[in-house]
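To start, the structure itself, in structure tokens.
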Amino acid sequence: ELLHIDVGLPWWQAIGVTTVFLRLIIFPIMVEAQKNIVRTNNHLPTTQQLQINAQLASMKGSHEEAAFANKALNNYMMAENCHPVKTLFPVMLQGVFFGSMFFGLRGMANAPVESMKTGGLAWFSDLTMADPLMALPVITASTIYLQLYFGADGMNAANVPPFMKKIMYVLPLISIPVMLNF
């Protein structure tokens, strides 16, 4: 709202500038997450062996041995700075930033903020209404699919089980009807 009212940008520009600004804030955090993914992949053979040891101990019913193996796994990941939680934190932080932006804009559109009715661009000039051509949901789903397909998010699809890979590629398609309702 600051960019729209005080700076005088139309809503579509204010939303775009805010998105770019938030991406710039999150960029260094995402770079760290990518570095952690590389570290985690480099230590994958050892961590997998430690996980197998913990699972075998648990299957044998030896709770002390399983606890020891789990502690060894956790200690190894902490010592080598490759804990998977360090990869999840940036994703959760990004979700908080963009989720709050989404719900804020949705609340403004539902209020409705009168200036949003004429603050759009091209075919979506009324930002309080759904995209009449459904182009924005299709474009969004397409870019998500391409990002997954080309590994632009840093994830190596070769390490993903085939069933999960199919789900990853179908989710953008499923997201289109979901996005139409938002």
Side-chain angles (χ1 to χ4, degrees), residues 1-41 83-157 159-182:
E1 201 169 358
L2 171 82
L3 291 173
H4 175 68
I5 293 173
D6 294 342
V7 178
L9 294 177
W11 274 113
W12 68 271
Q13 287 179 347
I15 293 167
V17 167
T18 304
T19 301
V20 169
F21 179 71
L22 288 175
R23 288 279 180 197
L24 289 173
I25 290 173
I26 289 178
F27 182 74
I29 298 167
M30 294 307 290
V31 167
E32 279 303 311
Q34 293 297 324
K35 287 180 183 178
N36 191 60
I37 289 171
V38 170
R39 277 193 304 272
T40 302
N41 284 338
H83 206 283
V85 173
K86 290 184 178 182
T87 305
L88 293 177
F89 173 72
V91 174
M92 290 186 291
L93 183 65
Q94 184 172 343
V96 168
F97 273 166
F98 292 101
S100 62
M101 187 171 168
F102 167 78
F103 287 113
L105 286 171
R106 185 173 186 194
M108 291 169 67
N110 289 338
V113 174
E114 288 301 316
S115 60
M116 289 187 81
K117 289 186 176 187
T118 58
L121 176 70
W123 73 93
F124 55 96
S125 60
D126 185 351
L127 296 177
T128 63
M129 303 297 292
D131 179 4
L133 302 178
M134 299 186 312
L136 294 175
V138 170
I139 291 168
T140 301
S142 300
T143 57
I144 292 170
Y145 175 82
L146 291 172
Q147 181 179 9
L148 292 170
Y149 184 79
F150 290 116
D153 60 350
M155 190 169 84
N156 185 357
N159 298 335
V160 177
F163 178 71
M164 288 301 293
K165 197 181 295 188
K166 287 178 186 174
I167 290 175
M168 278 182 1
Y169 293 144
V170 170
L171 277 177
L173 184 64
I174 294 171
S175 73
I176 293 173
V178 173
M179 285 187 274
L180 289 175
N181 294 318
F182 285 103

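As the structure is a prediction and not an experimental result, all values here were calculated from the model. These values consider heavy atoms only, across backbone and side chains, with no hydrogens, waters or symmetry-generated copies.
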With a 4.5 Å limit on heavy-atom distance, are the side chains of Pro137 and Asp131 in contact?
-> yes
Report yes or no: does Ser125 contribute a side-chain atom to a donor-acceptor pair with the main-chain N or O of Ala122 at less than 3.5 Å?
-> no
Within the side chain of Asn36, is there an N or O that forms a donor-acceptor pair under 3.5 Å with the backbone of His83?
-> yes
Straight-line distance of [X] [atom1] to [Y] [atom2], nearest 0.5 Å:
X	Y	atom1	atom2	result
Leu93	Met30	CG	CE	9.0 Å
Met116	Met108	CE	CE	5.0 Å
Ile176	Leu136	CD1	CG	12.0 Å
Tyr149	Lys165	OH	NZ	10.0 Å
Leu173	Ile144	CG	CD1	11.5 Å
Glu32	Phe27	CD	CZ	11.0 Å

State, to 0.1 Å, how close Met179 and Thr140 come at their nearest heavy-atom pair, and which atoms those are.
-> SD-CG2, 3.7 Å
Please report the closest heavy-atom contact between Ile29 and Pro90, naming both atoms and the distance.
-> CG2-CB, 3.5 Å
Would you verify whether the NZ or CZ of Arg23 falls within 45 degrees of the ring axis of Phe98 while also being under 6.0 Å from that six-membered ring's centre?
-> yes
Pair up each side-chain donor or acceptor in residues 9-22 with any protein partner under 3.5 Å, not counting sequence neighbours, and list the distances.
from: Trp11; atom 1: NE1; to: His4; atom 2: NE2; distance (Å): 3.3
from: Trp11; atom 1: NE1; to: Ser115; atom 2: OG; distance (Å): 2.8
from: Thr18; atom 1: OG1; to: Ala14; atom 2: O; distance (Å): 2.7
from: Thr19; atom 1: OG1; to: Ile15; atom 2: O; distance (Å): 2.8

Within a radius of less than 6.0 Å around CE of Met129, do more than 12 heavy atoms belonging to other residues, nucleotides or ligands occur?
-> no
Do other residues, nucleotides or ligands put more than 12 heavy atoms under 6.0 Å from Met101 CE?
-> yes
